[in-house]
Amino acid sequence: MNERMSAVSLTQRPDESAAPSGCGPLLPGPELDTKPLRQKVFEHVRATGQAARADVSRALGISAGSVTQVTSDLIERGYLQESDEAARDRRETGRGRPSVALSVVPEAHRVVGIKLSDERHTAVLADFAGTILAEAMLPTPAVRKTMDQIAGETAQLVDLVLEKAGLTISDIAAVGVGISGLVDPIEGLVPWSPLLEGENLALAERLTRRLGCPALVDNDANMLTLAELWFGAGRANSDFAVVTIEHGVGMGLVVGNRLYRGTRGMGMELGHIKVQLDGALCRCGQRGCLEAYLADYALAREAGTALGRNPRNMASAQSMLDTLFAEAKGGNMAARSIFRRAGRYLAVGLSNVIQLFDPTLIILSGERMRYDYLYADEVMADALSLTLNHGRPACRVEIHNWGDMVWARGAAALALGHVTDTALGQAA
């Protein structure tokens, strides 16, 4: 790898089989965390998968008596359960006192997580311990939709995933939904999305009425970031960024082990930073956005010329890009130049992320990370050359080529967080 990459260290995604059990952030939150003790205890047990009371006491820095009192309450309320996991080891060895482990009662609540997309929507059903019980996918026309249309498709997808598990909507505590564009998760509004007709749409309210259970909406890049924070490499990192490259370009940021959304919940729009004044037209309607040079529709726009095809007649941007990548691998210089140009713009985006936030880790994720031209040595070297370094430790960059369902898993984490706050938070 290029020696100039002293500020950017590139690795592939670690083996998922080595991931710790449980779900949720493994590191403690901010010192001034206002969550009630019962919620902190519950979330620690869920994050570790199983924990003895003594482990909870040490991890949270609280007395054994407090742990006993809180866990007894959580057991009585049906959120935690005891399991004698060490008894078998004791019988086999003939010595030692069995330790009683605590774990989450999976059936306490169930949630659905959904990713709304251009060509296919995805959904997962998860229990309160974060275990995925079922998955579903719904193809959809790649056109802008009215809010009624998107609500209908969402309801259809929820029915599909519930049918697979033999459940009904009455078994679901909440539904989390990720969608591209500007999203205000606090108010449940979508000021703008490339998937929807209209502006300032009250999508959360509309979905809640249609589904008959609480619905939460957030930016899809935030959902992928939550997936990393709850299920992936971000569980053991207190500060990291996720950059997504798919139909658009998105970013999520975790600071102090918490997802950072900005003042109105609409920050981190990396795809719409300007990299060229009066440049290429972005689907947001403005010119010169990073997305307009890096997203799939931007690459497909040039692919039609490189491959001698009319973009209007292509089956999809995905099929065009797959052909373009094959041509690039086969030596087509025009095709290679498209990926290399996109890689240079990605380097600009990465350097800005490093310069602004100085994360310990940047995760590059999304379907387009199959195209290795986007993270070639030259791209990382360009990112370094655009970044003030002065001997700082390297910012790690990992490639996570997840499948479609990871976005929906992040949306399920959003719903799990909401249900946990409702059941065990200040107002509970």
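None of the values given here were measured: they were computed from a predicted structure.
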Q: State yes or no: are the ring centers of Phe128 and Phe42 separated by less than 6.0 Å?
A: yes
**Q.** Atom CD of Glu197: over 12 foreign heavy atoms under 6.0 Å
**A.** yes
Q | Considering all heavy atoms, the nearest Lys35-Glu43 contact | A | NZ-OE1, 2.9 Å
Q. For Val104, does its backbone N or O pair with a side-chain atom of Arg46 as donor and acceptor, under 3.5 Å?
A. no
Q) Does a side-chain N-to-carboxylate-O contact under 4.0 Å join Lys164 and Glu135? A) no
Q | Pair Glu378 + Arg344, salt bridge at N-O below 4.0 Å | A | no
Q | Minimum heavy-atom distance Arg38-Gly425, with the two atoms named | A | NH2-O, 2.8 Å
Q: Applying side chain to side chain contact (heavy atoms under 4.5 Å, CB included), run through Leu160 and Leu138 and close with a yes or a no.
A: CA-CA 9 Å; Leu160 283 174; Leu138 179 70; 4.1 Å; yes
Q | Asp127 side chain to Arg110 backbone, donor-acceptor under 3.5 Å | A | no
Q | Side-chain (Ser193) to main-chain (Ser180) donor-acceptor, under 3.5 angstrom | A | yes
Q | Stepwise side chain to side chain contact (heavy atoms under 4.5 Å, CB included) check, Arg53 with Val56 | A | CA-CA 5 Å; Arg53 288 176 174 82; Val56 176; 5.6 Å; no
Q: Could you walk me through whether Leu162 and Leu125 pass the side chain to side chain contact (heavy atoms under 4.5 Å, CB included) test, one step at a time?
A: CA-CA 7 Å; Leu162 290 177; Leu125 171 67; 4.2 Å; yes
Q) Is any NZ, NE, NH1 or NH2 atom of the basic residue among Asp404 and Lys115 found under 4.0 Å from an Asp or Glu carboxylate oxygen of the other? A) no
Q.
Under a 3.5 Å distance rule, please check whether Arg206 uses its side chain to pair with a backbone N or O of Leu201 as donor and acceptor.
A. no
Q: Test Ile179 against Asn219 for side chain to side chain contact (heavy atoms under 4.5 Å, CB included), laying out the working first.
A: CA-CA 5 Å; Ile179 187 171; Asn219 175 268; over 6 Å; no
Q) Got a salt bridge between Glu153 and Arg210, using NZ or NE/NH1/NH2 to carboxylate O under 4.0 Å? A) no
Q: Assign the ring pair Tyr345 / Tyr293 to parallel, tilted or perpendicular, where the plane angle (0 to 90°) is split at 30° and 60°.
A: parallel
Q) Considering the options Ile150, Val217, Val112, Leu216, which one meets the side-chain contact (heavy atoms from CB on, under 4.5 Å) requirement together with Val177? A) Val217
(Q) So which atom in Gly176 and which in Leu414 form the shortest heavy-atom distance, rounded to 0.1 Å? (A) CA-CD2, 4.3 Å
Q: Ignoring hydrogens and angles, tell me if any N or O in the side chain of Thr387 forms a donor-acceptor pair with the backbone of Gln355 under 3.5 Å.
A: no
Q | Donor + acceptor pair across side chains of Asn237, Glu228 (<3.5 Å) | A | no
Q | Side-chain (Asp171) to main-chain (Thr168) donor-acceptor, under 3.5 angstrom | A | yes
Q.
Can you confirm if the NZ or CZ of Arg283 lies within 45° of the ring axis of Tyr297 and under 6.0 Å from the centre of its six-membered ring?
A. no
Q) Does the distance from a Lys or Arg side-chain N to an Asp or Glu carboxylate O, for Arg396 and Glu398, drop under 4.0 Å? A) yes
Q: Specify the closest pair of heavy atoms between Leu211 and Ile169, including all atoms of both residues, with the distance to one decimal.
A: O-CG1, 3.3 Å
Q. Do the non-hydrogen side-chain atoms of Val45 and Leu80 ever get within less than 4.5 Å of each other?
A. yes
(Q) Donor-acceptor check, side chain of Ser238 to backbone of Gly256, threshold 3.5 angstrom: yes or no? (A) no
Q) For the side chain of Glu205 and the backbone of Gly188, is there at least one donor-acceptor N/O pair under 3.5 Å apart? A) no
Q) Hey, are Asp218 and Arg261 close enough for a salt bridge, meaning a charged N less than 4.0 Å from a carboxylate O? A) yes
Q. Do you know the tightest heavy-atom contact between Arg144 and Leu196?
A. NH1-O, 2.9 Å
Q. For the residue pair Leu207 and Ala215, what are the closest heavy atoms and their distance?
A. CB-CB, 3.7 Å
Q. Hey, does the side chain of Arg287 reach the backbone of Gly279 with a donor-acceptor pair shorter than 3.5 angstrom?
A. yes
Q) Short question: side chain of Arg409, backbone of Ile132 - any donor-acceptor pair under 3.5 Å? A) no
